[in-house]
Amino acid sequence: MSEQQQHLYLVDGSSYIFRAYHRLPPLTNPEGTPVGAVYGYTTMLWKLADDLDAADGPTHLAVILDKSSHSFRNDIYPEYKANRPDPPEDLRPQFPLIRDATRAFSLPCIEEEGLEADDLIASYARAAQRQGWHVTIVSSDKDLMQLIGEVGGARIDMLDTMKSARIYIPEVEEKFGVAPELVGDVLALMGDSVDNIPGIYGVGPKTASKLIAEHGSLTAALDSAPEMKKSKLKERLLEGRKDAEMSRVLVTLKEDCDLPQPLDEMRIEKIPEEPLADFLEQHGFTSLLRRLGSGNGSPERANNLHPAKADTQGDAGDVEGNRQPLPEMPAIDRGAYETVQTMDRLEDWVRRAVAARLVAVDTETSSLDSMQADLVGVSLAIGPNDACYIPFGHGGTDLLSEKPEQLDRSAALKTLQPMLADPSVTKVFQNGKYDLNVLARYDLQVSPIEDTMVISFDLDAGRGEGMGGGHGMDELSQRHLGHTALTFKEVCGTGKKQIPFGEVPLDRATEYAAEDADITLRLYHHMKSRLAIEGGTRVYERVDRPLIPVVAQMEREGIKVDRAQLARLSEEFAKEIGRLEGEIHNLAGQEFSVGSPKQLGEILFDKLGHKGGKKGKSGQYSTDQSVLERLAGDGAPIANKVLEWRQLSKLKSTYTDALQEAINPDTQRVHTSYSLVGAQTGRLSSTDPNLQNIPIRTALGRQIREAFVPENGNILLAADYSQIELRLAAHMADVDTLKDAFAKGEDIHSRTATEMFGEVTRDTRAQAKTINFAILYGISRWGLAGRLEVEPDEAQEMIDTYFKRFPGIQRYIAETLETVGERGYSETLFGRKTWFPRIKSKNQAERQGSERAAINAPIQGTSADIIKRAMVRMLPALKDAGLADVRMLLQVHDELVFEMPESDVSAASNVIERVMAEAALPAVKLDVPLAIDIGTGTSWDAAH
DNA sequence: CGGATCACG
DNA sequence: GACGTACGTGATCCGA
């Protein structure tokens, strides 16, 4: 035969990845993170590609994937596949990678809306068979066995790559007891619990095979039932006839689908190596990469195999170091976006989003404050450039502006609602906490969610310098996609000319809003795969991702403040400030602005001639607290007055005035905004207003805390971790003496004093306390000397003593600096990374600063991980205990504040204490107990 | 808009 | 030989 026998391989990609996930161990990587299924899939394609030159190997090859969850079978039987559990959490992110892998092999990847993979496979197989080709279906799905057999010399068979087994007629007969053409009849009788095909109750594979083999067809078997002897089986066949007939339709493969891509385009000769190498490299599949034509791996390439390590080899300050090879996506095309203006179009988008199981969502609003923001539109993205904007709140904010054609808001939201709440549809956001809160104002719950901002933080904390700590969308788009996104300023203007988003014309608004969703989805695909490879999955999935809705809820709860009390304090402080200002001017002999450190410095040191004025690099005298305290000690009455004035000014402007303005007019409560990505160590930060720095250290300041109150009849409860950072230091540095002290519940600073000085006095305990903190922050003899007001030599002796008494500490510091120097990042006990790009800087100050931060980050970060885990578990635990009325309001790094009915206090205390104390478990078993102090009262101050 | 100052853990 | 001294935040004010 002169013409070569064509042989089409059809790979059932979707079913393969499920089996690979369950059968293969997770890919060995430092974190044991899940890229196992993708790896299995990649090796499978590899094996197939290896057979390209074999006698019976593929001449044509395509991968078929399930795209939609909805098919004609659902129209026949709505419950079809309704029992399918959601894919496991750590499998989900691997789905998009399957497409990447397929593209990396330069193979066609076929998926079609409304068609299941099986139907596409059947249609392609038959089409090829009609042309006289051989066909091999790479799958082990029993439904597909119906297709096996030969027509006019053209053979269809199956290949189970996992078992390396060819499946042809004898194998089918062995499994089902019938020829392939009758497999559908057997399946119709036995049903399938996974796909929710009813079959006939009480009829399993054995009975089904026997019946079909005996009677030759389903119809014949059912027809024979009336003549059967009286039995359970007879009854069931008679009763279940309808079910069986419907099942027969469900298991029938649709063999006449339109083929999205012609057979000829599936021809393959040779796999191009370049894209494949890029893919293998990107995902760290090193053994395959090496096999890819040995000698092909250039030195450069070899160095990039471990992205995390490679980054630290070169210039540590290079933020571009984490740049990944760009995934193959079309360039952003704003012209491709749709403005959704009819319900029909909206319904279509929602249906497609549900089918895709993954959709990026972005809300456009009238305000940056999610507690006051009105929704003006929502954008969705389902794929690259496949994005839309749904406006419903545009125009009409002033009399001049006309309302454009747009949907009714409540109708639009009602249509979006089921998709947003659908547990099988993942919603991807950039800073989802904001959108969650906005949508909550319209009673919309959203779950499950992913957040590209948080993913970026878990990958790259410490690497970025820009706004949003380097995790803002514009920056991520630039860095990862090489694309400059439209900015809010470009669309809405800036300063006085700024217009609300609702006044932006729809075509422009669509470009901006849909682009944001498009970018978000692209970023998600880009970064989610890095998460597993670089070991960020653990902290993202177990800590930060579940925390998002929890923190969102805390923000919505807010806390009540006593406006009258704050107003009283403001007035009181104002009087006192005025009085002090007069005295200060008197003492200075002239009027000046007390709030200007520049003027004050000149008064103190030039005019009044006080000594020890030190100018900083700005050429200005320093007048900070320590300087003024020294002057006061030297007998300068003006210094004390300025100190008092400063304290009162601070309290008034930052707290008593500002907090009154922060009261939300709708809820009459103060709602802070927590940043999940604000602190490089993994801590939260709080803004607008900052409720993590409310005064507590002075009596005057504590009056402000008194203004934080519960609703009438309720109680505030404050629970804080006692000495958590020192406990973690004791554990992490493995210091027996300190661990022992914590185990016995001793005062840790007293114990330190005993160890270092032999005795505990007020003085030695205070010194020990200072040293303990100095350790946590990365000590230097000059720093300690300054704090303790001793000579650097003496401070050095104390440090030496400390290291001698607690040798683990010195080892911990050395080891931490060594690994951070090697890898470029530090790690918490829960795997959170913080990057230190300047740790190798030639600038000594810069380098030493990084070193101190690197010593502190694992401790501060682990503490943050622990309280975050407690927060994630807290409300479910309280609910389980029947305490659904307890509300979690605030987090202040090592403290949680709750509000609850007075009657719940005792039971809630127990639950809160337990959840916090056990928050590290089971992931980490600490050598020290975590002690919790709990207080209650009718103000935040009283609860301490 | 950066620096200085000071509130918190 | 100079550097510049405790980690992590955010808000306010001043003054260029």
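Quick note on labels: first sequence line is chain A, next is B, and so on, each numbered from 1.
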Can you find a heavy atom in the side chain of A:His671 that is under 4.5 Å from one in the side chain of A:Ser370?
no
I'd like to know if A:Lys650 reaches the base of B:dC6 with its side chain, counting only an N/O donor and acceptor under 3.5 Å.
yes
Closest nucleotide among B:dA7, C:dG15, B:dG9 to the A:Gln599 side chain:
C:dG15
Contact class for A:Arg646 (heavy atom, under 4.0 Å): base, sugar-phosphate, or nothing?
sugar-phosphate
In whole angstroms, the gap separating C1' of B:dG3 from CD of A:Gln620 amounts to 8 Å
Counting only side-chain heavy atoms from C-beta out, which of C:dT12, C:dG10, B:dA4 sits nearest to A:Ser653?
C:dT12
Whether A:Arg697 contacts B:dG9 is assessed here as follows: a side-chain N or O lying under 4.0 Å from the phosphate OP1 or OP2. Is that the case?
yes
Dot-bracket for DNA chain C, 5' to 3', with Watson-Crick and G-U pairs under 3.5 Å, [ ] for crossing pairs and | for other-strand pairs: what is it?
......|||||||||.
Over all heavy atoms of both residues, which pair between A:Tyr721 and A:Ala919 is shortest? Give the atoms and the distance, please.
OH-CB, 3.7 Å
Distance check, P atoms only: B:dG3 and C:dT5, in whole angstrom units.
14 Å
Can you find a pair of side-chain heavy atoms, one from A:Lys607 and one from A:Gln590, that are under 4.5 Å apart?
yes
Among B:dA7, C:dT5, B:dG9, the nucleotide that comes nearest once only the side chain of A:Tyr777 is considered
B:dG9
Side chain of A:Asn690: nearest nucleotide among C:dC7, C:dA11, C:dG15?
C:dA11
Any chance you could measure A:Leu889, atom CG, to A:Leu691, atom CG, to the nearest 0.5 Å?
10.5 Å
Closest of C:dT9, B:dA4, C:dG15 to the A:Ala679 side chain is C:dT9
Could you state the OH-P distance from A:Tyr655 to B:dC8, rounded to the nearest angstrom?
6 Å
For residues A:Lys868 and A:Arg832, determine if any side-chain heavy atom of one lies less than 4.5 Å from a side-chain heavy atom of the other.
yes
Rounded distance [0.5 Å steps], CG in A:Asp894 versus CG in A:Asp933
9.5 Å
Rounded to whole angstrom, note down the P distance from C:dA2 over to B:dC6.
31 Å
Nearest-angstrom distance, P atom, C:dA6 to B:dG2:
24 Å
Of A:Gln844 and A:Ser686, the one whose closest DNA chain C nucleotide lies more 5'
A:Gln844
Between B:dC6, C:dC7, C:dC13, which nucleotide gets closest to the side-chain atoms of A:Asp624?
B:dC6
Of the nucleotides C:dT5, B:dC6, C:dG15, which has the atom closest to the A:Trp782 side chain?
C:dT5
Pairwise distance CZ(A:Phe605) to CG(A:Leu631) - rounded to 0.5 angstrom
5.0 Å
Give one of base, sugar-phosphate or nothing for A:Leu776, where a contact means two heavy atoms less than 4.0 Å apart.
nothing
Classify the nucleic acid contact of A:Ser675 as base, sugar-phosphate or nothing, counting any heavy atom under 4.0 Å across all strands shown.
nothing
Rounding to an integer number of Å, can you tell me how far A:Leu784 CG sits from C:dG4 C1'?
16 Å
If you draw the axis of the six-membered ring of A:Tyr825, does the NZ or CZ of A:Lys833 fall within 45° of it and under 6.0 Å from the ring centre?
yes
Picking from C:dA6, C:dG8, B:dT5, which would you name as closest to the side chain of A:Thr681?
C:dG8
Expected output is a numbered-order residue list: members of residues 846-864 of chain A with a heavy atom under 4.0 Å from any atom of DNA chain C. What is it?
A:Gln848, A:Arg852, A:Ala853, A:Asn856, A:Gln860
Categorize A:Ser649 for me: base, sugar-phosphate, or nothing, with a 4.0 angstrom heavy-atom threshold over every strand shown.
nothing
Compute whether any side-chain donor of one residue and acceptor of the other, for A:Asn640 and A:Glu644, lie under 3.5 angstrom apart.
no
Take atom P in C:dC3 and the same atom in B:dC8, then report the distance between them in whole Å.
34 Å
Euclidean distance, A:Gln680 CD relative to A:Ser826 OG, rounded to 0.5 Å:
10.5 Å
Atom pair distance, as rounded to whole Å: CD in A:Glu602 and C1' in C:dC14:
13 Å
I'd like to know whether A:Glu583 forms a salt bridge (charged side-chain N to carboxylate O under 4.0 Å, His left out) with A:Arg579, so could you lay out the CA-CA distance, the side-chain angles of the two residues, the decisive distance to 0.1 Å, and finally the verdict.
CA-CA 7 Å; A:Glu583 291 185 31; A:Arg579 193 182 59 76; 2.4 Å; yes
Send over the distance from A:Ile696 CD1 to C:dT9 P, rounded to a whole Å.
22 Å
Rounded to whole Å, how long is the line connecting atom CD1 of A:Ile867 with atom P of C:dG8?
19 Å
Proximal nucleotide (of B:dA7, C:dT9, C:dA16) relative to the A:Gln680 side chain:
C:dT9
Selection from C:dC7, C:dT12, B:dC8 that lies nearest to any side-chain heavy atom of A:Ala658:
C:dT12
Classify the nucleic acid contact of A:Leu684 as base, sugar-phosphate or nothing, counting any heavy atom under 4.0 Å across all strands shown.
nothing
Using a 4.0 Å heavy-atom cut-off, does A:Asp688 contact any base of the nucleic acid, only the sugar-phosphate backbone, or nothing at all?
sugar-phosphate
Here the distance between atom C1' of C:dC13 and atom CD of A:Gln647, to the nearest Å, is 17 Å
I need the A:Phe898 CZ to A:Ile912 CD1 distance, nearest 0.5 Å.
4.0 Å
Euclidean distance, atom CG of residue A:Leu691 to atom P of C:dT9 [Å, nearest integer]:
18 Å
